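Since the model is a prediction, treat every value here as computed from it, not as a measurement.
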Amino acid sequence: AHYLYIPASIFDFLWKPWTLFSHFFTHKNLLHLFYNMWMIYWFGLIIKDFLGSARLTAVYILGGLVGGLCYLLLMNTLPYYKELSPKLGMLGASACM
């Protein structure tokens, strides 16, 4: 699933821009999927009570997009992570919550 996660390198990301969306619909394993769905269920109930169910979807998608963009920004600007960026990537819905 290397073509679905956001690569940490901005140059790799430019070759795979769809990963900004695909990363929050994929998971590393079943435990990762279960944990994320469990958190979405509980926090989703709270968000739905305050904002409504239509806005819950918007919050999920915007959270994933902002999380992915922040990941790219930090991985390509912080010196410690710049060295590691060719080896790293982000996968999962954790950024959406």
Side-chain angles (χ1 to χ4, degrees):
H2 62 28
Y3 51 89
L4 296 175
Y5 69 83
I6 294 183
S9 167
I10 194 74
F11 300 110
D12 291 341
F13 172 74
L14 292 175
W15 288 103
K16 299 190 280 186
W18 63 86
T19 59
L20 189 58
F21 295 95
S22 65
H23 82 93
F24 52 88
F25 294 109
T26 55
H27 296 84
K28 187 175 180 179
N29 55 38
L30 283 176
L31 185 60
H32 187 215
L33 173 66
F34 173 75
Y35 175 75
N36 280 325
M37 294 303 108
W38 184 55
M39 296 307 279
I40 288 171
Y41 174 75
W42 288 109
F43 286 113
L45 290 175
I46 295 168
I47 292 170
K48 191 173 121 181
D49 285 344
F50 285 111
L51 301 176
S53 60
R55 295 231 174 126
L56 174 60
T57 304
V59 167
Y60 179 82
I61 291 172
L62 288 173
L65 294 175
V66 170
L69 291 173
C70 287
Y71 174 77
L72 284 170
L73 177 72
L74 293 173
M75 294 304 279
N76 289 285
T77 57
L78 296 176
Y80 176 76
Y81 292 113
K82 275 179 93 169
E83 294 176 12
L84 300 173
S85 70
K87 302 174 198 160
L88 299 176
M90 183 170 73
L91 182 70
S94 301
C96 301
M97 296 180 274

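Annotation: side chain to side chain contact (heavy atoms under 4.5 Å, CB included) contacts of W38 (sequence neighbours excluded): Y35, W42.
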Could you give the side-chain donor-acceptor pairs of residues 49-59 under 3.5 Å, partners two or more places apart or in another chain?
none

Which atom pairs, donor and acceptor, lie under 3.5 Å between side-chain atoms of residues 61-77 and protein residues at least two apart or in another chain?
from : atom 1 : to  : atom 2 : distance (Å)
Y71  : OH     : G89 : N      : 3.3
N76  : OD1    : I10 : N      : 3.2
N76  : ND2    : A8  : O      : 2.8
N76  : ND2    : L72 : O      : 2.7
T77  : OG1    : L73 : O      : 2.7

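Within 6.0 Å of atom OH in Y81, 12 or fewer heavy atoms from other residues, nucleotides or ligands are found, so the atom counts as exposed in its surroundings. At most 12 non-hydrogen atoms from other residues, nucleotides or ligands lie less than 6.0 angstrom from CG of L30.
At a threshold of 4.5 Å between side-chain heavy atoms, the hydrophobic network of Ile, Leu, Val, Met, Phe, Trp and Tyr places L31 and M37 in two separate groups. Cluster membership for Y80 and M90, using ILVMFWY side-chain heavy atoms within less than 4.5 angstrom, is shared. Linking ILVMFWY residues whenever their side-chain heavy atoms come closer than 4.5 Å, directly or via other members, places F25 and I6 in the same cluster. I46 and M39 fall within the same hydrophobic cluster, where Ile, Leu, Val, Met, Phe, Trp and Tyr residues are linked whenever their side-chain heavy atoms come under 4.5 Å apart, directly or through other members. Linking ILVMFWY side-chain heavy atoms closer than 4.5 Å, directly or via other members, places W18 and L20 in two distinct hydrophobic clusters.
To the nearest 0.5 angstrom, F13 atom CZ is 5.0 Å from T19 atom OG1.
Side-chain atoms of Y60 come within 3.5 Å of backbone atoms of F24 as a donor-acceptor pair (strictly under, hydrogens ignored).
Between H27 and H32, the ring-plane angle classifies as perpendicular under the 30° and 60° cut-offs.
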